[in-house]
Amino acid sequence: MKPYAVRRQRELDQARARLITFLQRVAGPSLTAEEAQTALEKAKAWASAPARALDEYVTEHPNTLTEPSPHCPIQIVRLLQHLEATGHGDAVTQLACPRCHRTGLRLTRLTPQGRCCDWCVARTELRPCARCGKNGHIVTQREEGPICRHCYRRDPLFRKDCAICGRNRQPSIRREDGTFLCSDCNPNKPEHECVHCGETRPANAITEEGPVCKRCYDCPPRLCDVCQQIKPISRKLDGESLTCGDCYRGPKRTCVQCGQVQHAFTRRDGEFYCTSCRQCPWLPCADCGEIRPVKANWPLGPVCDTCYQRRRHHPAECGQCGSLRSLVGRASDGQDICGPCSGSDIDYTCPRCGNPGAIYADDACTQCVAKDRVRDLLSDKDGAVHPQLQPLAEQLSAAHPGSVLTWIGRSEAARLLADLATKRQEINHQLLDELPQDWRTLYIRELLVAATILPKRTEHLARLQLWARKAVADLPPHHAHAVRPFAEWAILRAARRRADKGRYTPGSARMDRRCIQAAIKFMTWLDDNSLTLSELGQEDLDLWLTTHPSQRRELAAFIRWVVARRLASKVTIATTKYGLPTRFMHSDDLNEQLRRCLNDDSLPLEARIIGALTSLYALSKTRITELTTDRFQRDGDDAYLTLKEHPVLLPPRLAVLIERQIARPNHSSVLQQPDNGAPRFLFPGRPPSRPRSSDALHHYMRQHGLLGISARNTAMMEAITDLPPIVVSDLFGIHPKTAYAWSQYAQNSWAEYLEAHADIGPTTQ
């Protein structure tokens with residue numbers, strides 16, 4: 001053998017020996033040299049080139065088996081999976097897909113985020129389809145080549161005839177006799193608990209937060225392929241092109257009357273008319289002189305809709321009699337006069353209160369009609385208003401009459417309130433707890449609390465108690481023996497303590513509900529497998545965790561509770577560490593979003609303020625909803641906002657936006673907040689005595705294309721790299737431990753993140 005070959009073989013043997021020693025040091029003395037060599041061979045790292053490359057990598061990254069990087073070689077992934085399969089998984093950490101965060105998968109696809117599984121790459125990367133020739137998501141392989149999802153669903157080999165409706169559609173379920181049912185005919189549609197409303201329904205979409213029902217799902221705005229504008233997508237034309245609702249209804253054209261570009265219809269003569277101009281004659285308005293559709297013919301002449309509404313709702317002094325009325329006529333000298341002075345019986349004056357203005361119904365104005373309908377709503381059969389509801393009647397009568405009339409005529413909650421008033425019973429929280437706990441009962445309860453009829457309480461805690469009582473009541477006795485005390489003394493007791501300290505949020509209530517549901521489901525599983533809690537072994541628990549991996553965290557609380565009370569043997573569930581933040585955006589994208597919030601007048605005012613607070617101070621939606629108007633203060637030319645204890649200096653543009661938000665009245669609710677000196681919420685809900693929910697703000701921001709979690713993480717990372725953790729804790733109002741954890745994460749991972757994105761450039765998440 002030549003000297004060069006001898007040296008190369010000696011270097012290869014040394015590299016293999018170092019790799020075996022490295023594996024034994026990580027896995028411990030239980031891993032023999034023969035087993036280490038077998039692991040390297042299974043990982044395809046025993047050959048010359050892979051062994052040398054892996055030896056260099058582990059020399060530079062000695063913690064690669066305990067803290068694997070998403071950009072590691074494929075041999076590291078195979079080594080980790082082989083060590084776990086052979087019983088050495090406790091000594092190493094499995095590499096997870098950076099997109100779906102699952103472990104134990106073939107991470108062979110390289111992406112800018114690192115090694116991803118095939119499923120994540122297939123759903124995000126587009127490749128040419130062998131059938132349609134378009135770029136799409138490849139889901140299968142046929143003889144002609146890769147097939148996209150759209151062509152696969154049209155494949156005759158994939159589609160089946162439904163045994164009930166007979167249509168040739170995508171199969172949803174296969175019955176025991178071998179026939180198929182489509183999704184519409186499937187009687188066992190899978191149901192999920194919606195992460196927003198908490199109700200169990202068929203999921204309209206599985207988002208990153210979890211399943212979302214059809215009522216709570218909002219289609220995220222994307223770029224329409226037809227009009228090239230960012231709007232909510234309505235359809236996919238040809239299975240490929242994204243189309244917004246306006247483009248799906250057809251192209252807009254110019255109306256021959258008003259000249260506006262709208263969706264409408266074409267007459268038989270071929271001319272295009274919009275909806276407003278299709279029947280109304282077009283004449284010069286006697287008030288403004290513009291040629292517009294005629295709304296009414298008054299003594300002064302034909303008037304358009306704008307002048308019609310303005311004169312009715314803004315009465316003025318008559319030029320002849322001097323009374324304050326709606327002026328519908330015109331004297332010979334050019335003065336505007338009322339209807340009686342012009343010889344007409346048109347008189348928009350309420351005969352009951354004498355106030356001039358628009359007549360709504362029964363020859364009365366909207367204010368009088370609203371008072372009558374409020375009295376009818378809150379009175380019993382004798383016509384007397386429920387004594388307890390008298391404060392609510394006064395506040396509704398003083399509210400905007402148009403909003404009150406709309407709410408009484410359309411809202412189902414108003415009908416429920418009328419039923420409560422008819423019964424002549426004392427209305428309290430206990431009475432409302434006996435009703436179905438849907439959105440109507442919740443709104444009526446909040447309405448009565450806002451009117452100071454009912455005392456305020458922690459509503460999400462109370463709803464959890466009602467739900468837990470009902471859920472446990474339907475359980476078999478041997479299930480309730482364990483689940484009832486767990487729910488009462490472990491879950492609800494801890495929830496009450498946190499609520500007393502003001503730390504119990506709706507998200508906490510959702511998590512506690514899932515813990516009780518997991519305990520009920522686990523007890524049912526024990527019955528199905530002929531087991532009891534006392535007979536439960538670690539193998540049985542591990543089997544349940546493998547079939548229900550998403551409920552590991554929820555079941556852990558129940559298992560700890562039954563083991564501590566000796567209802568089961570000493571079984572354990574390995575706790576998983578909270579994942580580090582993974583959703584970031586480039587600094588340039590964050591600055592661009594901040595500039596858009598501060599300068600773009602086309603965005604709504606609330607969206608601009610929320611986006612700016614998130615991009616500047618890394619505030620979560622929950623903390624933003626808790627802000628009140630008294631936290632904003634002016635000191636000369638400077639403006640400050642107190643996030644927790646210490647005021648933070650605001651940019652001048654953001655201070656102006658917050659002042660506008662505080663100054664404008666709230667018209668989103670029927671009942672307005674009483675002016676009793678109490679601080680108002682910066683973003684009031686319905687009713688305004690409570691803030692808007694964080695879930696509502698999240699969907700609201702998504703509708704306007706403003707990112708939340710990515711912007712918040714990036715803003716926190718930039719702040720923690722420039723300021724000490726204790727300063728960030730004081731300014732942003734976060735716990736010192738949280739700020740310290742962010743600083744540790746910034747030192748360990750932020751530099752690698754910036755380095756990985758340096759060559760990619762700014763991207764919009």
Side-chain angles (χ1 to χ4, degrees), residues 287 295-300 303 305-331 335-411 413-422 424 447-448 450-453 665-667 669-675 687:
D287 192 10
K295 179 66 177 180
N297 285 293
W298 281 346
L300 62 88
V303 292
D305 181 69
T306 303
C307 300
Y308 173 79
Q309 299 294 344
R310 176 176 53 80
R311 284 182 174 258
R312 288 180 64 199
H313 292 89
H314 297 83
E317 185 177 349
C318 177
Q320 289 188 3
C321 64
S323 60
L324 187 65
R325 292 186 178 183
S326 297
L327 306 182
V328 299
R330 184 167 292 163
Q335 290 185 345
D336 292 333
I337 57 178
C338 62
C341 294
S342 61
S344 172
D345 56 354
I346 301 177
D347 187 11
Y348 297 103
T349 301
C350 179
R352 294 173 53 183
C353 63
N355 292 328
I359 299 300
Y360 183 78
D362 300 331
D363 294 332
C365 62
T366 55
Q367 188 71 35
C368 295
V369 174
K371 292 181 180 180
D372 292 343
R373 296 189 181 180
V374 168
R375 184 178 60 254
D376 296 339
L377 177 73
L378 304 180
S379 60
D380 56 7
K381 297 180 180 179
D382 299 334
V385 178
H386 194 292
Q388 194 177 4
L389 299 178
Q390 189 64 39
L392 178 62
E394 295 175 358
Q395 295 190 32
L396 288 177
S397 299
H400 190 273
S403 301
V404 174
L405 292 173
T406 302
W407 179 71
I408 294 177
R410 299 181 181 180
S411 176
R415 301 185 183 95
L416 177 60
L417 184 60
D419 295 338
L420 294 176
T422 305
R424 303 290 294 181
L447 200 66
L448 297 177
T452 65
I453 297 175
N666 174 42
H667 294 294
S669 177
V670 176
L671 192 65
Q672 302 300 313
Q673 185 172 0
D675 189 10

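As a basis for the values below, the full set of heavy atoms in this structure was taken, side chains included, without hydrogen atoms, waters or symmetry mates. Only a predicted model underlies this, so the values are computations on that prediction, with no experimental measurement involved.
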Please round to the nearest 0.5 Å and tell me the distance separating atom [atom1] of [X] and atom [atom2] of [Y].
X	Y	atom1	atom2	value
Cys365	His313	SG	NE2	10.5 Å
Gln395	Thr452	CD	OG1	6.5 Å
Ile346	Thr349	CD1	OG1	12.0 Å
Leu378	Leu392	CG	CG	5.5 Å
Gln320	Cys338	CD	SG	7.5 Å
Ile337	Arg325	CD1	CZ	11.5 Å

Partners of [X] by side chain to side chain donor-acceptor pair (under 3.5 Å), sequence neighbours excluded?
X	result
Asn297	none
Arg373	none
Thr306	none

Could you check whether any side-chain heavy atom of [X] comes within less than 4.5 Å of a side-chain heavy atom of [Y], counting everything from C-beta outward?
X	Y	value
Gln367	Cys350	no
Gln390	Val385	yes
Leu448	Leu389	yes
Arg352	Asp372	yes
Val369	Pro401	no

Q: List the atom of Ala451, the atom of Pro391, and the distance in Å for their closest heavy-atom pair.
A: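 Where Ala451 meets Pro391 most closely, the heavy atoms are O-CB, 4.1 Å.
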Q: Over all heavy atoms of both residues, which pair between Leu377 and Ala421 is shortest? Give the atoms and the distance, please.
A: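 In terms of heavy atoms, the two residues are closest at O-CB, 4.0 Å.
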Q | Contacts of Arg415 that satisfy salt bridge (Lys or Arg N to Asp or Glu O under 4.0 Å) - sequence neighbours left out | A |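 Arg415 satisfies salt bridge (Lys or Arg N to Asp or Glu O under 4.0 Å) with no other residue.
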Q) Of all residues at least two apart in sequence or in a different chain, which pass the salt bridge (Lys or Arg N to Asp or Glu O under 4.0 Å) check with Asp376? A)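 If we apply the salt bridge (Lys or Arg N to Asp or Glu O under 4.0 Å) test to Asp376, skipping adjacent residues, there are no hits.
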Q.
Does atom NE2 (His314) have a neighbourhood of more than 12 heavy atoms from anything else shown, all under 6.0 Å?
A.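 12 or below, so no.
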(Q) Strictly by side chain to side chain donor-acceptor pair (under 3.5 Å), give each pair with a member in residues 335-345 just once, sequence neighbours left out. (A)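 Qualifying pairs: Arg311-Asp336, Arg330-Asp336.
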Q. According to the interplanar angle, ranging from 0 to 90°, do the rings of Trp298 and Tyr308 count as parallel (below 30°), tilted (30 to 60°) or perpendicular (above 60°)?
A.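 The arrangement is tilted - the two ring planes meet at 30° to 60°.
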